[in-house]
Amino acid sequence: MAYWLFKSEPDVFSLEDLKKSKNQTTFWDGVRNYQARNFLRDTMKNGDGVLFYHSNSEPLAIVGACEVVKEGYPDFTAWEKGHDHFDPASTPDKPVWYMVDIKLKSVFNKPVTLAALKAEPRLAGMQLLKRGNRLSVMPVTKEEWDVIMEMST
DNA sequence: GCCAACGTTGGC
DNA sequence: GCCAACGTTGGC
């Protein structure tokens with residue numbers, strides 16, 4: 001079992017949106033970065049934990065936890081003409097981009113803000129905090145996961 | 001295969 | 001709204 005962090009701009013898709021989704025489950029479409037794609041396609045397994053992070057908003061924070069409920073499969077929004085995530089390089093025969101399904105597990109009582117993450121010495125190595133980090137899907141260690149869970153209650 | 005130009009991300 | 005950091009593109 002592995003752990004991950006997904007970024008989302010709440011103006012586009014927030015944890016509240018996930019909460020309101022059918023079965024509180026959604027497909028994580030729109031990842032158009034190869035490194036993140038590889039995580040989605042090759043590494044993520046059912047039951048993996050996912051931290052849900054709100055970027056580009058106030059407050060910047062991890063706001064909840066989810067679980068992978070469907071492993072990597074082609075992101076079909078890539079071949080929907082006119083879709084925001086359309087990419088002519090990807091086709092049903094030769095998909096380039098992949099996604100997983102995640103299901104809401106918990107909405108944090110206390111969102112763990114970016115400032116709080118930075119202030120926690122045990123999280124000094126977190127990839128999210130590294131300078132210039134722009135990955136929207138990234139791994140989290142079990143230790144980091146546990147600390148964040150503790151901070152969220 | 002190099003690298004400059006460009007577009008995007010995302011915190012501030 | 002700014003701008004640093006980074007990935008991608010495309011000319012050579």
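All chains are named by letter (A, B, ...) in the order of the sequence lines, taking the proteins before the strands, and each is independently numbered beginning at 1.
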Colleague: Between atom CG in A/L60 and atom P in B/dG10, what is the gap in whole Å?
Modeller: 11 Å
Colleague: On DNA chain C, nearest-nucleotide positions of A/Y34 versus A/R131: which is more 5'?
Modeller: A/R131
Colleague: With rounding to the nearest 0.5 Å, note down the distance linking CZ in A/R122 to CD in A/E150.
Modeller: 4.5 Å
Colleague: Distance check needed: C/dG7 P versus A/N133 CG, whole Å only.
Modeller: 10 Å
Colleague: Would one find more than 12 heavy atoms of other residues, nucleotides or ligands at under 6.0 Å from atom NZ of A/K45?
Modeller: yes
Colleague: Closer to the 5' end of DNA chain C via nearest nucleotide, is it A/G132 or A/N56?
Modeller: A/N56
Colleague: So if I apply the ring pair (Phe, Tyr, Trp, His ring centres under 6.0 Å) rule between A/F27 and each of A/Y73, A/Y98, A/F76, which one comes out positive?
Modeller: A/F76
Colleague: What integer distance in Å separates A/D87:CG from C/dT8:P?
Modeller: 12 Å
Colleague: Output yes when at least one side-chain N/O atom of A/K7 is less than 4.0 Å from OP1 or OP2 of B/dT9, else no.
Modeller: no
Colleague: Quick one: A/F6 CZ to B/dT9 C1', roughly how many Å, whole number?
Modeller: 18 Å
Colleague: Which whole-number value in Å describes the distance from A/L117 CG to B/dC12 P?
Modeller: 11 Å
Colleague: Given B/dG11, is OP1 or OP2 found less than 4.0 Å from the side-chain N or O atoms of A/K130?
Modeller: no
Colleague: Would you indicate which nucleotide in C/dA5, B/dC12, C/dG7 comes nearest to any side-chain atom of A/N33?
Modeller: C/dG7
Colleague: Could you check which of B/dT8, B/dG11, C/dT8 has an atom nearest any side-chain atom of A/R134?
Modeller: B/dT8
Colleague: Nearest 0.5 angstrom please: A/M149 CE to A/K142 NZ, how far?
Modeller: 10.0 Å
Colleague: Please test A/W4 against A/F52 for ring-ring contact (aromatic ring centres under 6.0 Å, His included), starting from the C-alpha separation and ending with a verdict.
Modeller: CA-CA 9 Å; A/W4 307 93; A/F52 197 109; over 10 Å; no
Colleague: Whole angstrom is fine here: how far is it from CG in A/L129 over to P in B/dG11?
Modeller: 10 Å
Colleague: How long is the line joining CG of A/L135 and P of B/dG11, in whole Å?
Modeller: 13 Å
Colleague: Quickly work out the A/H54 NE2 to B/dG10 P distance and round it to whole Å.
Modeller: 13 Å
